[in-house]
Amino acid sequence: MKLKVKKEEPEIPTASMADIAFLLIVFFMLTTVFSANKGMEHILPPNEDLDEAIEPEESIYIKIFPDGQFEMDKQSFPMEQVDRIFNYVYQKIQVNAKKPIIVHTNREADYGDMIRVLDQLKMVELESKLTLGITIPSKAEAARYDQTGQ
Amino acid sequence: MKIKKTKSLEAVIPTASMADIAFLLIVFFMISTVFQVDKTSVALPESHSVTRSEVIKESAFVVIREDGAIKASDGVEDSQMVNMEDIGVLAGAWMQNRPSQPVVVKADQGVKYHYVDDVLEHLREAGVTNLKFLTEQAKNE
């Protein structure tokens with residue numbers, strides 16, 4: 001006896017495709033973060049160079065205090081006048097491009113203030129198209145500067 | 001003469017292209033998605049746009065929250081809470097895997113500088129050279 005077999009067309013079910021697609025959309029929407037992903041670059045000196053610390057006398061020495069003041073070559077300014085750094089440093093490096101710049105931040109000062117100063121220095125660097133020797137002193141160096149009464 | 005009645009049309013919203021639209025959106029979000037290793041929200045300090053540059057892919061992260069809590073990530077895995085003393089060891093391991101490993105410091109602008117100072121000290125000792133301070137675009141430009 002011959003059985004009649006109904007031939008079925010092979011088919012991929014596509015009805016749920018849109019659902020899958022929307023699920024993926026929701027997933028990517030939730031995981032996407034459009035955020036500030038930019039920052040200021042700073043090159044740390046290699047470890048071996050630590051011994052040859054720069055003398056504050058022969059550099060542009062910027063000290064940042066906890067009370068929102070900063071001192072630039074022994075002149076005090078409030079943090080609001082942070083853009084003075086730009087002009088001052090710009091003039092100095094026109095004379096001597098190799099002049100090192102020390103950013104010595106007091107340990108109780110705000111990190112934000114230090115970044116504002118660094119921001120100014122980076123702007124000088126870009127404006128003058130020179131590579132500045134911006135130094136953030138290590139603890140040992142900072143202690144030495146403090147000792148020498150700077 | 002009798003005029004044939006106008007056939008009334010059913011109102012239909014075309015849904016055939018729905019899947020296409022959906023896939024377009026998927027592609028958009030897939031391309032624009034950046035899987036961030038750190039999602040801690042901190043008030044970043046501001047800097048001018050000219051001084052900011054894009055964070056390099058797979059940079060290691062050190063996050064300092066306003067209360068001084070520290071999180072770290074090697075740039076691949078999600079950031080985790082660590083102690084200050086462990087930063088040196090972690091950074092040493094990063095540098096061993098990839099000697100030019102860039103490190104991003106994501107710190108709250110209100111944090112006291114000694115937290116940052118300590119982190120920098122550890123990183124320097126571990127041989128990190130390529131550093132980046134994460135900032136936000138200054139509003140008053």
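Values below: all heavy atoms of this structure, side chains included; hydrogens, waters and symmetry mates excluded. In the text below, chain A, chain B and the rest are named by the order of the sequence lines, each starting its count at 1.
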| query | Does a donor on one side chain sit under 3.5 Å from an acceptor on the other, for B:S79 and B:S73? | reply | no
| At a heavy-atom separation under 4.5 Å, does A:D19 approach chain B through its side chain, its backbone, both, or neither? | neither
| task | Against chain B, label A:P137 side chain, backbone, both or neither, depending on which of its atoms sit under 4.5 Å from a heavy atom there. | result | backbone
| field | Residue B:E121 versus chain A: region with a heavy atom under 4.5 Å | value | side chain
| said: Check this for me: A:Q81, atom CD, are more than 12 non-hydrogen atoms of other residues, nucleotides or ligands nearer than 6.0 Å? | reply: yes
| said: Counting heavy-atom pairs closer than 4.5 Å to chain B, which one of A:P66, A:A142, A:A109 comes out on top? | reply: A:A109
| request: Would you tell me whether B:K132 and B:S53 have side-chain atoms, one donor and one acceptor, within less than 3.5 Å of each other? | output: yes
| remark: Counting heavy-atom pairs under 4.5 angstrom with chain A, the leader among B:L120, B:V111, B:L123 is B:V111
| task | With sequence neighbours excluded, give me every side-chain hydrogen bond (donor to acceptor under 3.5 Å, both in side chains) pair touching residues 88-102 of chain B. | result | none
| request: Answer yes or no: is there an ion pair linking B:D117 with A:R107, defined by an N-O contact shorter than 4.0 Å? | output: yes
| request: Go through the atoms of A:L126 and report whether side chain, backbone, both or neither lie under 4.5 Å from a heavy atom of chain B. | output: side chain
| field | Which of A:M123, A:Q120, A:R116 touches chain B most, by non-hydrogen pairs under 4.5 Å | value | A:M123
| query | Is chain A contacted by the side chain of B:V116, its backbone, both, or neither, given a heavy-atom distance below 4.5 Å? | reply | side chain
| Checking heavy atoms, do the side chain of B:V27, its backbone, both or neither come under 4.5 Å from chain A? | neither
| Who wins among B:L25, B:I21, B:T51 for the most heavy-atom pairs under 4.5 Å with chain A? | B:T51
| Atom pair CG/CD1 of A:D110 and A:I64 - distance to nearest 0.5 Å | 10.5 Å
| said: Looking at B:E54, I want to see if its CD is surrounded by more than 12 non-hydrogen atoms of other residues, nucleotides or ligands under 6.0 Å. | reply: yes
| note | In short, ring pair (Phe, Tyr, Trp, His ring centres under 6.0 Å) pairs touching residues 74-102 of chain A with sequence neighbours left out are A:F70-A:F77, A:F86-A:Y90
| said: Please classify the contact between B:D118 and chain A as side chain, backbone, both or neither, with a heavy-atom cut-off of under 4.5 Å. | reply: both
